[in-house]
Amino acid sequence: MKIENLTIPVRVYQFEELEASIKTLFEKAIANLPNAHAPYSQFHVSSASLLENGEIVCGTNQENASFPLGLCAERINLAAIAALYPKTKVLKMAIVIENKRSPVLHPVAPCGMCRQAILEQENIANSPIEIWLKGQGDVVYAINSVKDLLPINFDGSCLV
Ligand code: THU
């Protein structure tokens with residue numbers, strides 16, 4: 001038996017030190033937070049993605065009175081990209097949250113289902129998607145690829 005320790009490189013920033021293009025992506029995500037429909041959880045999530053064609057597409061979580069029907073911001077964001085700009089590579093996603101019940105200052109990471117959905121997009125494009133995370137505080141995490149969040153993962157190569 002041997003133990004393999006996996007390390008995940010996470011870059012940690014203060015919001016103010018971010019370069020302008022990432023600040024813009026976060027600002028779009030923050031501006032779109034009010035479009036979340038989250039009356040049940042009061043937890044608003046907004047994702048803004050920069051595409052290879054320079055466009056920025058946003059998505060927010062959309063809940064339903066029948067709780068399991070709700071959709072996370074990240075998967076709404078990816079679906080919007082597929083509808084508006086099919087087959088277009090996603091370069092970066094900036095994900096922000098606002099917990100209306102009680103502020104969460106630290107960056108919040110995408111749930112497991114969204115990680116899997118982002119992984120599919122990375123594999124389709126054969127290109128990593130940078131993931132940028134911000135909570136309600138000033139700390140920002142940058143992750144080079146969703147594979148760093150799902151280091152041992154399931155993908156289409158398992159289904160051949
Ligand atoms: N949520 C997201 O939008 N993205 C995630 O990655 C985690 C959770 C949403 C789902 C639900 O509307 C609310 O946050 C609370 O779980």
Side-chain angles (χ1 to χ4, degrees), residues 6-13 15 18 22-51 55-86 88-125 127-156:
L6 307 177
T7 56
I8 299 169
V10 179
R11 280 172 280 137
V12 182
Y13 298 87
F15 186 76
L18 297 179
I22 286 294
K23 265 194 190 157
T24 302
L25 203 57
F26 271 122
E27 279 158 7
K28 295 261 186 198
I30 291 165
N32 210 36
L33 269 169
N35 292 330
H37 174 64
Y40 308 107
S41 72
Q42 297 290 317
F43 192 83
H44 293 212
V45 186
S46 178
S47 169
S49 294
L50 174 67
L51 310 186
E55 296 289 340
I56 293 176
V57 178
C58 295
T60 52
N61 56 330
Q62 301 296 319
E63 298 183 351
N64 191 285
S66 174
F67 296 158
L69 294 187
L71 279 166
C72 292
E74 297 88 331
R75 278 173 297 130
I76 294 239
N77 193 186
L78 293 176
I81 293 164
L84 293 169
Y85 302 104
T88 308
K89 197 181 282 184
V90 181
L91 303 180
K92 299 169 199 267
M93 294 179 85
I95 302 163
V96 298
I97 61 96
E98 184 181 8
N99 185 338
K100 298 271 190 190
R101 289 204 172 111
S102 152
V104 174
L105 300 183
H106 60 79
V108 173
C111 75
M113 205 182 282
C114 289
R115 293 177 195 204
Q116 188 72 28
I118 299 167
L119 176 67
E120 192 75 18
Q121 290 310 307
E122 284 199 358
N123 287 343
I124 290 169
S127 175
I129 299 174
E130 266 185 23
I131 299 179
W132 291 78
L133 306 172
K134 183 181 173 301
Q136 288 165 270
D138 290 328
V139 176
V140 168
Y141 289 171
I143 294 144
N144 296 328
S145 158
V146 78
K147 287 178 181 148
D148 289 338
L149 296 177
L150 272 183
I152 300 173
N153 57 59
F154 176 81
D155 67 14

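First listed ligand is number 1; within each ligand, the first listed atom is number 1. Just so you know, these numbers come straight off a predicted model, no measurement behind them.
Below 4.0 Å from some heavy atom of P110 lie the following atoms of ligand 1, by number and element: 6 (O).
Scanning both residues, N77 and M93, for their nearest heavy atoms gives OD1-CE, 3.9 Å. Closest approach of K92 to I22, counting heavy atoms only: CD-CD1, 3.7 Å. Closest approach of N123 to K147, counting heavy atoms only: OD1-NZ, 3.2 Å.
Of the options C72, G112, C111, the smallest heavy-atom separation from atom 2 (C) of ligand 1 is shown by C72. The closest non-hydrogen atom to atom 12 (O) of ligand 1, taken over Q62, H37, R115, E63, comes from E63. For atom 5 (C) of ligand 1, the choice among M113, E74, Q42, H44 with the nearest heavy atom turns out to be E74.
No donor-acceptor pair closer than 3.5 Å links the side chain of E74 to the backbone N or O of I95. Between the side chain of R11 and the main chain of N144, no donor-acceptor pair closer than 3.5 Å is present.
Heavy-atom contacts from other residues, nucleotides or ligands closer than 6.0 Å to CD1 of I152 number 12 or fewer.
Ligand 1 has no N or O atom lying under 3.5 Å from any N or O atom of S41, backbone or side chain.
Scanning the protein for heavy atoms near atom 3 (O) of ligand 1, the closest one is A73 N, 2.9 Å. Of all protein heavy atoms, the one lying nearest to atom 9 (C) of ligand 1 is N61 ND2, 3.5 Å.
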